[in-house]
Q: 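What follows is a structure written as structure tokens; I'll ask about it next.
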Amino acid sequence: MDWLRQIPMGQYVDGAEGWPRRLDPRLKLAWSLVFLLTPVLAGPLWRLALVLGLLLITLISGLPVRLWWRSLLLLTLLSIAVGLLSLLLPAVDPPSPLNLRDPQELPGLGADWPSWDLLRLGPVQLGPLTLGPLVVDRASALLGLRTSTLIFTVIHSVNLVLLTTMPEDLVWALTWCLMPLERLGLPMQRLGFQLLLALRFLPLVQEELQNLLRALASRAVSFRLLGFKASFGLVLSVGERLLANILLRAEQGADALVARGGRILSPARLRLPVESPARLLNGAAAMSLLIVLFLRSRYGAF
């Protein structure tokens, strides 16, 4: 029942393996924004290139395989399932059965154009029941490609950043980028400290959920024997207990903060000092970032 601990999604894992750990957190934040923002209004080739590039970064990152292969497998299956669902669903309105004009009125119009449908199966007659036809057109194919690649790039890029970056470093990089907003009167130090508390609170939520699942497994609860009504009541009870435990943890964290004076510290003070910054690695990452942005401006629409 420790499968939640075996799939470290969205949480930092301590260690010394892998060159992404030595990157400047500001560069990692910029690279994550590349994977989040550049797919917007981009063509299918750029989206596929982002997926392949993200897979290449994962393979050559030097991180232990046990840290990312389970999450990568589940994310790939989820992306494929959502992409197939978007591929099979109609993306455009069905054509009207009424012909307002004679198709032979303009002979030769559209004869040289390729067919809009990529795949057509059926209809299949099963006795009195007619199934189909199953039509995959270009709009549904593009929709399936966009949804599957977007889900993969967004989740996996953010997961790699959170996996290799301490919460203090990530919040410090975010507050450093938003520091000019302090001139407008926004309390960036307070917002950064609150974001750090939220990131520190996420593992506690996962731990509470893991403990409740382990309690159900130890009691050998069988939802098949309980039936639908009793199973639904049990799920509601577990959800109520999870919410109560989360609120209790939040209250304990607030009491601990008040007992220490309730001071709001700057994320820069909570960040551990960097012993030996990898200047060559950071320079290569910055140059690669500029090259990717240039390629997006030139070839991203294809």
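Basis for what follows: all heavy atoms, side chains included, without hydrogens, waters or symmetry-related copies. When a residue number appears, it is its place in the shown sequence, counting from 1.
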Q: About how many Å separate CG of L174 and CG of L199, when rounded to the nearest 0.5 Å?
A: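 These two atoms lie 9.5 Å from each other.
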Q: How long is the gap from CH2 on W46 to CG on L295, to the nearest 0.5 Å?
A: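 It comes to 5.5 Å.
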Q: Please answer: with hydrophobic residues joined when any side-chain heavy atoms are less than 4.5 Å apart, are V65 and L73 in the same cluster?
A: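 Yes; L73 is reachable from V65 via cluster members.
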Q: Distance-only, no hydrogens or angles: does the D169 side chain make a donor-acceptor pair with backbone N or O of T165 under 3.5 Å?
A: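 Here the side-chain-to-backbone pair does not exist.
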Q: With a 4.5 Å cut-off on side-chain heavy-atom distances among I, L, V, M, F, W and Y, is there a chain of contacts connecting L178 to W172?
A: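 Each belongs to a different hydrophobic cluster.
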Q: Kindly give the heavy-atom pair with the smallest separation between R296 and A301, and that separation in Å.
A: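 So the minimum-distance heavy-atom pair works out to NH1-N, 4.2 Å.
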Q: Who pairs with T175 by side-chain hydrogen bond (donor to acceptor under 3.5 Å, both in side chains), at least two apart in sequence or on another chain?
A: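 Partners of T175 under the side-chain hydrogen bond (donor to acceptor under 3.5 Å, both in side chains) test: none.
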Q: Between the side chain of N211 and the main-chain N/O of E207, is any donor-acceptor distance below 3.5 Å?
A: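 It does hold such a pair.
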Q: Give the intermediate values and the outcome of side-chain contact (heavy atoms from CB on, under 4.5 Å) for residues L281 and W19.
A: CA-CA 8 Å; L281 182 61; W19 54 265; 4.0 Å; yes
Q: Return the minimal non-hydrogen interatomic distance between L27 and N282, and the atom names on each side.
A: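 It is CD1-O, 3.3 Å.
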Q: I'd like to know if F201 and L248 are part of one continuous hydrophobic network [Ile/Leu/Val/Met/Phe/Trp/Tyr, side-chain heavy atoms within less than 4.5 Å].
A: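 No; tracing contacts between hydrophobic side chains, which count when under 4.5 Å, never links both residues.
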Q: Taking the side chain as everything from C-beta on, heavy atoms only, tell me whether L50 gets closer than 4.5 Å to F152.
A: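 L50 vs F152: side chains apart.
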Q: Are Y12 and V161 side-chain neighbours, meaning at least one heavy-atom pair lies under 4.5 Å?
A: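 Side-chain contact under 4.5 Å: no.
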Q: Would you find a donor on one side and an acceptor on the other, under 3.5 Å apart, between the side chain of K28 and the backbone of T164?
A: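 The answer is yes, because a donor-acceptor pair under 3.5 Å joins these two groups.
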Q: Holding to salt bridge (charged side-chain N to carboxylate O under 4.0 Å, His left out), I want the full list of residues that pass it with R26, two or more places apart in sequence or in another chain.
A: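 Salt bridge (charged side-chain N to carboxylate O under 4.0 Å, His left out) check on R26 returns D24.
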Q: To the nearest 0.5 Å, what is the distance between OG (S86) and CG (L143)?
A: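 Reported to 0.5 Å precision, the distance equals 4.5 Å.
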Q: Could you give me the CA-CA distance, side-chain angles and deciding distance for V34 and L293, then say whether side-chain contact (heavy atoms from CB on, under 4.5 Å) is met?
A: CA-CA 8 Å; V34 166; L293 293 178; 4.2 Å; yes
Q: Looking at every non-hydrogen atom in both residues, tell me the closest pair between S79 and S148 and how far apart they are.
A: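 Minimum heavy-atom contact is O-CB, 3.2 Å.
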Q: Ignoring hydrogens and geometry, is there a side-chain-to-backbone donor-acceptor pair from T147 to G144 under 3.5 Å?
A: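 Yes, because the side chain of T147 sits within donor-acceptor range (under 3.5 Å) of the backbone of G144.
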Q: Check the pair R219 / R214 against side-chain contact (heavy atoms from CB on, under 4.5 Å), numbers first and verdict last.
A: CA-CA 9 Å; R219 288 166 175 79; R214 189 181 294 112; over 6 Å; no
Q: I need the L87 CG to L145 CG distance, nearest 0.5 Å.
A: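 If I round to the nearest 0.5 Å, the distance is 9.5 Å.
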Q: Do W68 and I155 land in one hydrophobic cluster if side-chain heavy atoms of ILVMFWY residues count as linked below 4.5 Å?
A: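 Yes; I155 is reachable from W68 via cluster members.
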Q: Rounded at 0.5 Å granularity, tell me how far OG in S32 sits from CG in L162.
A: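 Going from the OG atom of S32 to the CG atom of L162 covers 8.5 Å.
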Q: Keeping the roles fixed (side chain from R47, backbone from T149), state whether a donor-acceptor pair exists under 3.5 Å.
A: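 Between the backbone of T149 and the side chain of R47 there is no qualifying donor-acceptor contact (under 3.5 Å).
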Q: With respect to T153, which candidate in V158, T38, V51 satisfies the side-chain contact (heavy atoms from CB on, under 4.5 Å) definition?
A: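 Answer to the side-chain contact (heavy atoms from CB on, under 4.5 Å) test with T153 among V158, T38, V51: V51.
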Q: Heavy atoms only: give me the nearest A285-L23 pair and the separation to one decimal.
A: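 Closest approach of A285 to L23, heavy atoms only: CB-CD2, 3.7 Å.
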Q: Check residues 53-62 and write down every donor-acceptor pair under 3.5 Å in which the side-chain atom is one partner and the other belongs to a residue at least two apart or another chain.
A:
| residue | atom | partner | partner atom | Å |
| --- | --- | --- | --- | --- |
| T58 | OG1 | L54 | O | 2.8 |
| T58 | OG1 | H156 | NE2 | 2.9 |
| S61 | OG | T58 | O | 2.8 |
| S61 | OG | L63 | N | 3.4 |

Q: Rounded to the nearest 0.5 Å, how far does CG of L45 lie from CG of L52?
A: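 With rounding to 0.5 Å, CG (L52) is 10.5 Å from CG (L45).
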Q: Side-chain donor-acceptor contacts of residues 249-257 below 3.5 Å, not counting sequence neighbours, with atom names and distances?
A:
| residue | atom | partner | partner atom | Å |
| --- | --- | --- | --- | --- |
| R249 | NE | E208 | OE2 | 3.1 |
| R249 | NH2 | E208 | OE2 | 3.1 |

Q: Name the atoms and distances for all side-chain donor-acceptor pairs under 3.5 Å in residues 225-244, with sequence neighbours left out.
A:
| residue | atom | partner | partner atom | Å |
| --- | --- | --- | --- | --- |
| S231 | OG | F223 | O | 3.1 |
| S231 | OG | G227 | O | 2.5 |
| S237 | OG | G233 | O | 2.9 |

Q: Under 4.5 Å between side-chain heavy atoms, counting indirect links through other Ile/Leu/Val/Met/Phe/Trp/Tyr residues: same cluster for M179 and F193 or not?
A: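 Different clusters.
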Q: In residues 184-191, what donor-acceptor pairs under 3.5 Å come from side-chain atoms, sequence neighbours left out?
A:
| residue | atom | partner | partner atom | Å |
| --- | --- | --- | --- | --- |
| Q189 | OE1 | S266 | OG | 2.8 |

Q: So, do P44 and L142 sit near enough that their side-chain heavy atoms are less than 4.5 Å apart?
A: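 Side-chain contact under 4.5 Å: yes.
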Q: Between W31 and L289, does the side-chain contact (heavy atoms from CB on, under 4.5 Å) criterion hold? Intermediate values first, please.
A: CA-CA 7 Å; W31 270 104; L289 180 63; 4.0 Å; yes
